[in-house]
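For ligands, and for the atoms within them, numbers begin at 1 and follow the listed sequence.
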Amino acid sequence: MKVLIIGAHGKVGHLLIGELQSKNIDFVAGLRSQKQIDAFEANNIPAQFIDLTASLEDIHKSIKDSGADVIVFSAGAGGAGYDMTLQIDLDGAVKTMMVAEALGIKRYIMVSSIFSDNRDKWDASGIKPYMIAKHYADEHLRGTDLDYTILHPGALTDDETVGKVKLLGDDEAGSIPRIDVAKSLASIIKNPNTIGKEYNIASGDTPIDGAFN
Ligand code: NAP
């Protein structure tokens with residue numbers, strides 16, 4: 001197993017690297033600049049260039065060159081504006097799904113968002129275009145023949161690990177430290193029972209390793 005982390009320079013991506021290292025899971029960090037690649041490689045972290053705004057052909061080459069057989073999508077435009085949200089969180093994600101299918105990379109794990117499937121919550125969220133982008137990226141993934149898992153975390157914090165989660169109902173809100181999202185992803189990667197499933201998560205009382213079935 002070799003995991004390509006798309007968005008490895010991000011906060012969750014960084015933390016996921018540590019979790020995969022501690023579990024001895026092989027990975028490659030997907031990064032969008034040579035400067036980032038140089039910095040990661042200087043720390044002995046394997047890296048692969050991937051720019052989600054690039055052409056389908058270039059993204060195909062990046063993912064093929066990574067040698068990965070599992071993709072974790074944890075990229076996002078963040079505060080770069082809704083034009084970039086469309087290009088990265090929606091079209092960038094969909095392009096990686098198309099490439100995964102073309103290359104026969106079956107396993108695909110998406111970091112989505114809480115309420116991406118709950119239109120009633122979008123107006124009050126203050127980030128409706130982001131919700132729409134996440135919603136339709138998830139919808140596309142459900143329509144592929146990929147072995148997907150979709151994680152819908154609540155608001156992300158930089159707090160220390162709780163190590164425990166709660167599976168939320170569709171209308172429930174919550175928050176979760178990014179480190180526990182990373183731990184959840186590392187747990188899901190190794191668990192075939194999570195294929196075809198979606199989880200809304202926040203901090204809670206269930207140890208992460210037993211939470212996803
Ligand atoms: P983050 O720190 O902003 O990381 C996002 C990463 O995406 C960054 O490393 C960024 O690269 C990368 N990226 C941006 N444009 C790219 C491109 N064109 N090609 C390749 N990579 C690109 O986000 P996070 O806090 O770790 O969040 C991880 C995920 O959780 C995101 O998908 C986010 O939407 C989702 N989420 C967030 C919340 C929340 O409360 N914030 C809640 C639920 C879900 P650079 O480092 O070079 O900018």
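- Classification of the F212-Y199 ring pair by plane angle, with boundaries at 30° and 60°, yields perpendicular.
- Checking each of E198, K121, K134, H152 against S116 for a side-chain hydrogen bond (donor to acceptor under 3.5 Å, both in side chains) leaves exactly one that passes, namely H152.
- If you number the atoms of ligand 1 from 1 as listed, the ones under 4.0 Å from a heavy atom of I50 come out as 19 (N), 20 (C).
- Counting only heavy atoms, the protein gets under 4.0 Å from atom 32 (O) of ligand 1.
- Under a 4.0 angstrom heavy-atom cut-off, S113 registers as being in contact with ligand 1.
- The shortest N/O to N/O separation between R178 and ligand 1 falls below 3.5 Å.
- Under 4.0 Å is where a charged nitrogen must lie from a carboxylate oxygen, and between R142 and D117 at least one such pair does.
- Residue contact annotation: A80 has no non-hydrogen atom under 4.0 Å from ligand 1.
- Other residues, nucleotides and ligands place more than 12 heavy atoms under 6.0 Å from the NZ atom of K106.
- At least one heavy atom of S112 sits under 4.0 Å from some atom of ligand 1.
- If you run side-chain hydrogen bond (donor to acceptor under 3.5 Å, both in side chains) between R107 and each of T149, D69, D147, only T149 comes through.
- Not a single donor-acceptor pair under 3.5 Å links the side chain of R178 to the backbone N or O of V12.
- Protein heavy atoms are found inside the 4.0 Å sphere centred on atom 15 (N) of ligand 1.
- With respect to E172 and K166, a salt bridge is recorded, a charged nitrogen being found less than 4.0 Å from a carboxylate O.
- On a distance-only criterion, V12 and ligand 1 share at least one N/O pair closer than 3.5 Å.
- Comparing heavy-atom distances from atom 11 (O) of ligand 1 across R32, H9, H152, K35 singles out R32 as nearest.
- Geometrically, ligand 1 and A75 share a nitrogen or oxygen pair separated by less than 3.5 Å.
- Within a 6.0 Å radius of CG in D170, no more than 12 heavy atoms belonging to other residues, nucleotides or ligands are found.
- Within the set V111, L52, T96, I114, the minimum heavy-atom distance to atom 21 (N) of ligand 1 is found for L52.
- Heavy atoms of A155 come nearer than 4.0 angstrom to ligand 1 in at least one pair.
- Across W122, F115, Y82, a single residue satisfies side-chain contact (heavy atoms from CB on, under 4.5 Å) together with I127, and that is Y82.
- When the shell of 6.0 Å around CD of E160 is examined, it contains 12 or fewer heavy atoms from other residues, nucleotides or ligands.
- Ligand 1 has no atom lying under 4.0 Å from any heavy atom of M84.
- Applying the 4.0 Å criterion to heavy atoms of Y130 picks out, from ligand 1, the atoms 33 (C), 34 (O), 35 (C), 36 (N), 37 (C), 44 (C).
- Taking any N or O of A8, backbone or side chain, none lies under 3.5 Å from an N or O belonging to ligand 1.
- The atoms of ligand 1 that sit less than 4.0 Å from any heavy atom of Q36 are 45 (P), 46 (O), 47 (O).
- In this structure, CE in M110 is found 11.5 Å from CG in L185, a value given to the nearest 0.5 Å.
- For ligand 1, the atoms lying closer than 4.0 Å to a non-hydrogen atom of D51 are 17 (C), 18 (N), 19 (N).
- Judged by the shortest distance from any of its heavy atoms, K134 lies inside the 4.0 Å radius around the atoms of ligand 1.
- The closest heavy-atom contact to atom 12 (C) of ligand 1, among the options S62, A54, G76, comes from G76.
- Distances shorter than 4.0 angstrom do not occur between any heavy atom of F73 and any atom of ligand 1.
- The backbone N or O of L52 sits less than 3.5 Å from a side-chain atom of K95, completing a donor-acceptor pair.
- Protein heavy atom nearest atom 28 (C) of ligand 1, with residue, atom name and distance: S74 OG, 3.3 Å.
- For ligand 1, the polar-atom distance check against G154 finds no nitrogen or oxygen pair separated by under 3.5 Å.
- Ion pairing of K23 with D209 is present here, as a side-chain N (NZ or NE/NH1/NH2) and a carboxylate O approach within less than 4.0 Å.
- The heavy atom nearest to atom 37 (C) of ligand 1, out of those in L31, I201, D158, L156, is found in L156.
- In this structure, the side chain of D89 engages the main chain of A77 through a donor-acceptor pair within 3.5 Å.
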